[in-house]
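Atoms within a ligand are numbered from 1 in the order they appear, just like the ligands themselves. FYI, side chains are in, hydrogens and waters are out, and symmetry mates aren't considered; it's all heavy atoms of this structure. Since we're looking at a predicted model, the values are computed, not measured.
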Amino acid sequence: MTNRRTFFRAAGATFLGAAAVSRAGAALLPEAVIQTSAATQPPPSPPNGRPFNPIVTLNGWSLPWRMKDGVKEFHLVAEPVVREIAPGMKANLWGYNGSSPGPTIEAVEGDRIRIFVTNKLPEVTSVHWHGVLLPSGMDGVTGLSQPPIGVGKTFMYEFVLQRPGTHMYHPHADEMVQMAMGMMGLLIIHPKDLKQFRVDRDFGFILNAYDIEPGSATPSVNTMLDFNLWTWNSRAFPGIDPFVARTGERVRIRVGNLTMTNHPIHMHGPHFEVTGTDGGWVPKSARWPEVTTDVAVGQMRAFEFDAMAGDWAIHCHKSHHTMNAMGHGVPTMIGVDHRDVAKKISALVPDYMVMGDKGMHDMAEMEMPLPDNTLRMVTGTGPFGPVGMGGMFSVVKVRDDVARGDFKDPGPYKHPAGTLASEYTGEMPTTTRAAAPKADANTLQVRKASGHEHH
Ligand SMILES: [Cu+2]
């Protein structure tokens, strides 16, 4: 027997159900979520599908999905974006869903994923799923494995994820331009078994590079090798967030390289082991201890370590990659005494500064006028003064009291008593030094340069 009240409740439920179905039916494409912030967005636990331990994309985010009939559906939108490279500089890039790099796609071994790609660029594109085992027709090479995705068009890619690993996605259409403009992202395949390859913190980023003239905002897309901004996830130090961990935690960092040169990534503090490549996971018996791992072009390296308390620098070991946009053709001035010249120039140009005659560290402290929208060559301040770094540099910050899931910058490290380098102020022993070398051809060249005062 149904009374009036239960009848209406049932009818209401049916009505709501029908509305929900028709709304879902109308939304044939999953929503394209947009994120324009360059702050690291610690991802929430997966709301549905197979469980996994999400990664933290440095200065980035993970793309939400929709489950539809057991298929995990994502929606990427290739489009022009504005990316803050570091405070004080914004770049006009191309990316996905509001950001460059695009959002990290995370799924699980065994998942069937369907990725809709909408092209809002002014030219054709495609997406290649770098290192993922899939049918040839899903590989995304324009002309070879698919027609180009036309302007305003949407393509569908669909495949089953066969093996866990760390991968990237990027266009295989007008690559030199589209990658020089910042089109790339991470694709992480988590293991089905939650305990396999388990770590406490899992970070990921892509090495990228731009050629942006100081004072402008759009990369030169015809640059082959001579880039001037060396970035991690399209951020330059001090715009790169720290890697925060708690003492004793097992930490993984995954690094992919989509620049046009190799980057030896060096971490201070604990030794690490390279545990994964784009080809999969390295068996335990084949891992070796390291402090630097070279990441070649188109490669991915995952390495792991046990976190040790401290502030540990992590950077590319090519020292010109830890600097921001610098003028080329700056002469080496070390050892050149240009005080006389400086006095004469200062009489004409009151703000003239002598630079580089004792090395370049002083430049980190100088407040020189810069063109709009550019970064200092070396910048960033630590508890003891200027850090003198830019570009591909960050800090692994490990503390005893960081809560699980907390990625906030804990501030500078408090060094335990007796563990901090300090100035010696005692007596100096007398030392006998060898005589200074005689003037040679180089010295003569320096004199020749300063000889312009006679002009
Ligand atoms: Cu480098």
Are any side-chain N or O atoms of His271 and backbone N or O atoms of Val291, one a donor and one an acceptor, separated by less than 3.5 Å?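 Judged by distance alone, no pair lies under 3.5 Å.
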Given the rule in the side chain to side chain contact (heavy atoms under 4.5 Å, CB included) test, do Leu420 and Phe384 qualify, once you have shown the distances and angles that lead to the verdict? CA-CA 11 Å; Leu420 180 62; Phe384 303 105; 3.8 Å; yes
Are His190 and Glu106 linked by a side-chain donor-acceptor pair shorter than 3.5 Å? yes
I want to know whether Tyr413 and His415 have ring centres closer than 6.0 Å.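 So the answer is yes for these two rings.
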Side chain to side chain, Asn53 and Leu194, heavy atoms closer than 4.5 Å: yes
Do Arg252 and Glu304 come within less than 4.5 Å of each other through their side chains, counting heavy atoms only?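 Yes; the side chains approach each other to less than 4.5 Å.
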Under 2.8 Å from the Cu ion (ligand 1), which protein N/O/S atoms are there? His263 ND1, Cys316 SG, His321 ND1
